[in-house]
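FYI, side chains are in, hydrogens and waters are out, and symmetry mates aren't considered; it's all heavy atoms of this structure. For clarity, every value in this text was computed on a predicted model and none was experimentally measured. Note on naming: letters A, B, ... go to the chains in the order of the sequence lines (proteins, then strands), and numbering restarts at 1 for each one.
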2 protein chains.
Amino acid sequence: MVIINDHQVFKALSEPIRLRIAVLLTEGEICVCELTEVLRLPQSTVSRHMARLKSVGMVSDRRGGKWTHYRWVGQRHPLLDTLATYLVGLRSKRPHKGDLIRLVRYRKTKRCE
Amino acid sequence: MVIINDHQVFKALSEPIRLRIAVLLTEGEICVCELTEVLRLPQSTVSRHMARLKSVGMVSDRRGGKWTHYRWVGQRHPLLDTLATYLVGLRSKRPHKGDLIRLVRYRKTKRCE
DNA sequence: ATTCTATATCCGCCTATCCGGATATAAGGA
DNA sequence: TCCTTATATCCGGATAGGCGGATATAGAAT
């Protein structure tokens, strides 16, 4: 169990790409190749951001075959819970709405499991 | 009216000193000389942090005599409202509890108005 | 065993940000 | 006017953090 520092949580979300990732995670598990596609970023960039979110203790990962699935670990942590609720409200706004549309579209063509 | 970017709000709170300032602001208005005393930091450092909070649109300032009083502008802004509620909960925790004790003590010796 | 796919990490480069002493500005009081 | 107090801004130096191509690792498929 990682001890979470509030300011590190805020720092994680202060980066626009990580904020987009956080909103995507409100939908549930997501893997790196999906994020790479949805965000249209190099894989190394995505993995680096996920490593940061994990080191802060905001996400956990699960290996499934070739894929690494990340998920938000908000349960029982006051700040992460509070933020998750707020992030859900961002789903309908730019640029998150478009991200979610691309995620759904991508999942129709490819399954990561 | 400043348009507030969520990630800039998070960036502002990602700095430990600014997080302490934000918690102090949940108590109401506060001026630079009070912050300098409570946080035990150089005045230029405090002013720099306040300028950042102001540029993000998280605080407003009011000139009263020689003093500049800052206040949280959370009203009507979803994220700032959400955060303010959370920040109130930090008052009783380290290092914020000690900050608030020093603020009360300082105000017994000096009035900024 | 070899190849392909998915992911993590390394690396050099570049920009952003922090620090705090020094200086500038501004208001009040003597 | 001159001095003191309060605050904002400037500056150079140091550190943190982002970028993405290249490389390493790991699992699955042939």
Side-chain angles (χ1 to χ4, degrees), chain A residues 5 7-22 24-25 29-71 95 103 106-107 109-113, chain B residues 5 7-22 24-25 29-56 58-71 103 106-107 109-113:
Chain A
N5 277 104
H7 77 91
Q8 288 182 338
V9 171
F10 291 129
K11 182 164 301 192
L13 296 179
S14 76
E15 216 290 322
I17 293 170
R18 285 194 296 263
L19 182 57
R20 290 168 71 190
I21 292 171
L24 285 165
L25 286 170
E29 277 194 343
I30 195 164
C31 76
V32 174
C33 69
E34 290 170 331
L35 287 168
T36 300
E37 179 79 13
V38 168
L39 301 172
R40 302 192 259 231
L41 289 172
Q43 174 264 319
S44 67
T45 295
V46 171
S47 283
R48 177 167 36 79
H49 284 304
M50 296 318 292
R52 171 71 82 107
L53 291 173
K54 186 181 168 188
S55 78
V56 171
M58 298 168 71
V59 304
S60 62
D61 59 349
R62 169 181 74 82
R63 188 84 190 196
K66 293 184 289 188
W67 297 273
T68 305
H69 303 269
Y70 287 92
R71 101 184 65 176
L103 178 60
Y106 182 66
R107 283 180 168 166
T109 69
K110 178 139 178 272
R111 310 193 59 197
C112 298
E113 50 184 320
Chain B
N5 277 106
H7 76 93
Q8 288 181 339
V9 172
F10 291 128
K11 182 164 298 190
L13 296 179
S14 76
E15 217 291 322
I17 293 170
R18 286 194 295 263
L19 183 57
R20 290 168 70 190
I21 292 171
L24 286 165
L25 286 170
E29 277 193 345
I30 194 163
C31 75
V32 175
C33 69
E34 289 170 332
L35 287 169
T36 301
E37 180 78 14
V38 167
L39 301 173
R40 302 191 260 231
L41 289 171
Q43 176 265 319
S44 66
T45 295
V46 171
S47 283
R48 176 168 36 80
H49 285 304
M50 296 318 292
R52 171 69 81 110
L53 291 173
K54 187 181 168 188
S55 78
V56 172
M58 298 167 71
V59 304
S60 62
D61 59 348
R62 169 181 73 82
R63 188 84 188 195
K66 293 185 290 189
W67 298 272
T68 304
H69 303 268
Y70 287 93
R71 102 184 63 175
L103 177 60
Y106 182 67
R107 282 179 170 166
T109 68
K110 178 140 179 272
R111 309 193 58 195
C112 299
E113 49 184 320

task: Using heavy atoms and a sub-4.0 Å distance, could you list which residues of residues 29-39 of chain A are near DNA chain C? By number, please.
output: A:Cys31, A:Val32, A:Cys33
- prompt: Listed by chain and number, what are the side-chain hydrogen bond (donor to acceptor under 3.5 Å, both in side chains) partners of A:Thr36, not counting sequence neighbours?
  reply: none
task: On DNA chain D, reading 5' to 3', which nucleotide is the first and which the last to sit with an atom under 4.0 Å from a heavy atom of chain A, could you check?
output: D:dG17 to D:dA28
field: Partner set under side-chain contact (heavy atoms from CB on, under 4.5 Å) for A:Arg18, not counting sequence neighbours
entry: A:Ala12, A:Glu15, A:His49, A:Arg52, A:Leu53
query: Which atoms form the tightest heavy-atom contact between B:Arg71 and B:Leu25, and what is the distance?
result: CA-CD2, 4.2 Å
- prompt: Tell me: OH of A:Tyr70 to C1' of C:dA6, nearest whole Å?
  reply: 11 Å
statement: The side-chain contact (heavy atoms from CB on, under 4.5 Å) partners of A:His7 (sequence neighbours excluded) come to A:Asn5, B:Pro16, B:Leu19
query: Mind checking what makes side-chain contact (heavy atoms from CB on, under 4.5 Å) contact with B:Thr68, not counting sequence neighbours?
result: B:Asp61, B:Arg63, B:Tyr70
- prompt: Atom CG of A:Leu39 and atom OG1 of A:Thr45: how far apart are they, to the nearest 0.5 Å?
  reply: 10.0 Å
message: Over all strands shown, is B:Lys54 touching base, sugar-phosphate only, or nothing at heavy-atom distances under 4.0 angstrom?
response: nothing
- request: Quick one: pull up CZ in B:Arg62 and CD in B:Glu29 and give me the separation to the nearest 0.5 Å.
  value: 4.0 Å
query: Which value, rounded to the nearest 0.5 Å, describes the distance between A:Ile17 atom CD1 and A:Arg48 atom CZ?
result: 7.5 Å
task: Using a 4.0 Å heavy-atom cut-off across all strands, classify A:His69 as base, sugar-phosphate, or nothing.
output: nothing
message: Mind checking if A:Thr68 touches a base, just sugar-phosphate, or nothing, with heavy atoms under 4.0 Å?
response: sugar-phosphate
query: Roughly how bent is the helix from C:dA1-D:dT30 to C:dA30-D:dT1 end to end, in steps of 10 degrees, with each end axis from five pairs?
result: 10°
message: Output the rounded distance in Å from NZ (A:Lys11) to P (C:dT17).
response: 11 Å
query: If every non-hydrogen atom of B:Val9 is compared with every non-hydrogen atom of B:Met58, which pair is closest and at what distance?
result: CG1-CE, 3.9 Å
- prompt: With a 4.5 Å limit on heavy-atom distance, are the side chains of B:Lys110 and B:Cys33 in contact?
  reply: yes
- request: Report the residues that fulfil side-chain hydrogen bond (donor to acceptor under 3.5 Å, both in side chains) with B:Ser47, sequence neighbours left out, ordered by chain and then residue number.
  value: B:Gln43
message: Categorize B:Arg48 for me: base, sugar-phosphate, or nothing, with a 4.0 angstrom heavy-atom threshold over every strand shown.
response: base
query: Can you list the residues that meet the side-chain hydrogen bond (donor to acceptor under 3.5 Å, both in side chains) rule with B:Arg111, with sequence neighbours excluded?
result: B:Glu113
- prompt: What pairs with A:Glu34 under side-chain contact (heavy atoms from CB on, under 4.5 Å), at least two apart in sequence or on another chain?
  reply: A:Ile30, A:Cys31, A:Leu103, A:Tyr106, A:Arg107, A:Cys112
Set out, line by line, the N/O atom pairs under 3.5 Å between protein and nucleotides 24-30 of chain C.
none

